[in-house]
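The next block holds one structure in the form of structure tokens; read it before the comments.
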2 protein chains.
Amino acid sequence: MPVTVLLVDDEPLVRAGLRAVLEAQPDIEVVGEAADGAAVIPLVRQLRPDVVAMDVRMPLLDGIEATRAVLRTVDQPPKILVVTTFENDEYVYEALRAGADGFLLKRARPAEIVHAVRLVAEGESLLFPASVRRLAAEYGDGDGGNRAAREVLARARLTEREAEVLRLMARGLSNAEIAARLVVGTETVKSHVSAVLAKLGARDRTQAVITAYESGFVAPG
Amino acid sequence: MPVTVLLVDDEPLVRAGLRAVLEAQPDIEVVGEAADGAAVIPLVRQLRPDVVAMDVRMPLLDGIEATRAVLRTVDQPPKILVVTTFENDEYVYEALRAGADGFLLKRARPAEIVHAVRLVAEGESLLFPASVRRLAAEYGDGDGGNRAAREVLARARLTEREAEVLRLMARGLSNAEIAARLVVGTETVKSHVSAVLAKLGARDRTQAVITAYESGFVAPG
DNA sequence: CATCGGCTCCCCCGTGCGGGGGAGGCCGAT
DNA sequence: ATCGGCCTCCCCCGCACGGGGGAGCCGATG
């Protein structure tokens with residue numbers, strides 16, 4: 001019997017694309033679609049798909065919360081494949097920690113999308129398969145500029161605390177506000193900020209935030 | 001005879017989605033695809049499509065340059081429909097100024113995508129049709145948070161100069177660098193920056209840049 | 001004509017920011 | 001037991017940033 005798939009993405013176009021790619025396979029069947037995370041749970045209960053292809057960034061309920069909700073409330077839950085645009089998207093990592101079984105780059109070739117669905121359906125969790133890394137590498141220079149930012153942030157090797165600070169910087173918080181949020185002294189925050197700036201090669205916090213956006217470390221929407 | 005369409009987008013998934021939506025129409029035919037702007041010109045010459053559905057943000061050659069190149073080098077050029085994610089994407093306006101005939105939101109419903117293609121094919125230029133404005137308005141609250149940023153920037157009514165300054169701020173330039181770039185005094189830049197901060201409700205340039213990203217005024221990638 | 005908005009430039013002023021140091025405590029690895 | 005990485009906090013210091021004013025020039029609008 002075929003692998004059944006539920007598509008969850010707020011853009012109809014992406015759903016149509018996934019449907020077109022997957023329906024072309026005789027052994028894969030798209031059994032339903034949802035436009036936001038809130039609609040996922042009832043649909044999963046009703047349709048009992050083998051795989052849910054879930055966008056991370058969605059209105060109402062994002063992919064992370066939706067993943068948690070499905071795994072928590074549904075018994076014999078489906079495999080969850082997180083769909084994303086950026087390979088460094090921190091939300092993806094959160095989703096994987098939340099229990100997702102794999103992730104899928106939107107710019108992957110159709111064959112690789114199909115492959116990913118089949119793999120997770122078989123119970124393989126493809127967290128960081130070589131193929132995806134290679135894909136990211138292959139994507140090479142033709143990337144309109146933010147590849148550099150991704151490189152920088154990938155090589156930056158930020159510590160957990162520094163990443164946390166950068167995240168708050170990217171939300172517009174001042175050093176004092178970050179200090180209050182993290183319950184540490186402002187001097188401590190300044191240390192972390194300086195470390196972040198040094199590692200990212202940024203001159204000031206604005207440039208650091210730009211790098212965060214350009215790299216996909218944080219993303220609009 | 002059917003309307004012939006050439007799809008140009010760097011994401012295979014989006015191409016597949018557009019193809020699925022358009023091919024479902026008996027009077028529309030997708031005659032080709034390209035993954036970047038550089039491949040567009042030879043394909044247009046070879047395939048002579050009625051409409052080119054072109055992503056703005058692409059590797060190698062973006063939609064703006066590709067639009068210019070097509071209109072400049074091809075006689076009896078096709079209608080160009082710019083495809084974008086954000087309604088406030090400044091690149092879209094640039095593309096429209098470059099000669100594109102209309103624009104298309106990726107989150108539009110299939111029926112509206114089809115409608116847009118038919119319209120431009122008939123020679124109607126749908127720069128800011130009521131339907132699109134309505135669509136943006138209808139999209140309403142289910143928008144993961146950056147709707148607020150869009151609202152702010154839409155209501156901000158930045159002057160041309162202020163928008164230019166915000167653009168440079170979002171590229172990480174200091175006031176002095178912006179002044180040099182625009183060939184004005186730093187005091188002038190400070191005036192513009194202050195105006196931008198006030199209009200955006202931002203406390204500092206970092207918050208302004210965040211709003212710029214969240215609203216789609218500038219976008220990563 | 002007068003008015004208004006946009007662009008330009010100027011002043012003063014306080015402070016948050018970032019650089020350059022140093023230092024202690026904790027912990028895992030060697 | 002020692003080393004190194006991380007987190008924490010401290011000092012001094014210079015400056016770019018941003019707020020709050022004001023002012024002249026211009027073109028469009030009335």
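Letters A, B, ... are given to chains in the order of the sequence lines, protein chains preceding strands, and every chain is numbered from 1.
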Checking the side chain of B:Arg171 only, and the main-chain atoms of A:Ile210 only, is there a donor and an acceptor separated by less than 3.5 Å? no
Who pairs with [X] by side-chain contact (heavy atoms from CB on, under 4.5 Å), at least two apart in sequence or on another chain?
{"X": "B:Ser194", "value": "none"}
{"X": "B:Glu187", "value": "B:Lys190"}
{"X": "B:Ser191", "value": "none"}
{"X": "A:Ala170", "value": "A:Val209, A:Val218"}

For the helix from C:dC1-D:dG30 to C:dT30-D:dA1, figure out the bend between the end axes, five pairs an end, and round to 10 degrees. 40°
What one-letter contact string describes nucleotides 12-30 of chain C from 5' to 3', where B marks a base within less than 4.0 Å of any protein heavy atom, S marks contact via sugar-phosphate atoms alone, and - marks no contact? -----SBB-----------
Can you tell me how far apart NZ (A:Lys79) and CG (A:Asp50) are? Round to the nearest 0.5 Å. 10.0 Å
Looking at every non-hydrogen atom in both residues, tell me the closest pair between B:Val44 and B:Pro49 and how far apart they are. O-CD, 3.7 Å
Check the phosphate of C:dC7 against B:Thr159, side-chain N and O only, distance under 4.0 Å to OP1 or OP2. Yes or no? yes
A:His192 side chain N/O closer than 4.0 Å to the phosphate oxygens (OP1, OP2) of D:dC6? no
List in chain and number order the residues that pass side chain to side chain donor-acceptor pair (under 3.5 Å) with [X], two or more places apart in sequence or in another chain; answer none if no residue qualifies.
{"X": "A:Asp204", "result": "none"}
{"X": "A:Glu164", "result": "A:Arg167"}
{"X": "B:Arg203", "result": "A:Glu177"}

Measure [atom1]/[X] against [atom2]/[N] and give the value in whole Å, please.
{"X": "B:Glu162", "N": "C:dT8", "atom1": "CD", "atom2": "P", "result": "11 Å"}
{"X": "A:Leu158", "N": "D:dC7", "atom1": "CG", "atom2": "P", "result": "10 Å"}
{"X": "B:Leu182", "N": "C:dG6", "atom1": "CG", "atom2": "C1'", "result": "15 Å"}

Shorter than 3.5 Å, N or O on both sides, protein versus nucleotides 23-30 of chain D: list them out with atom names.
none

Salt bridge (charged side-chain N to carboxylate O under 4.0 Å, His left out) partners for A:Arg15, two or more places apart: A:Glu33
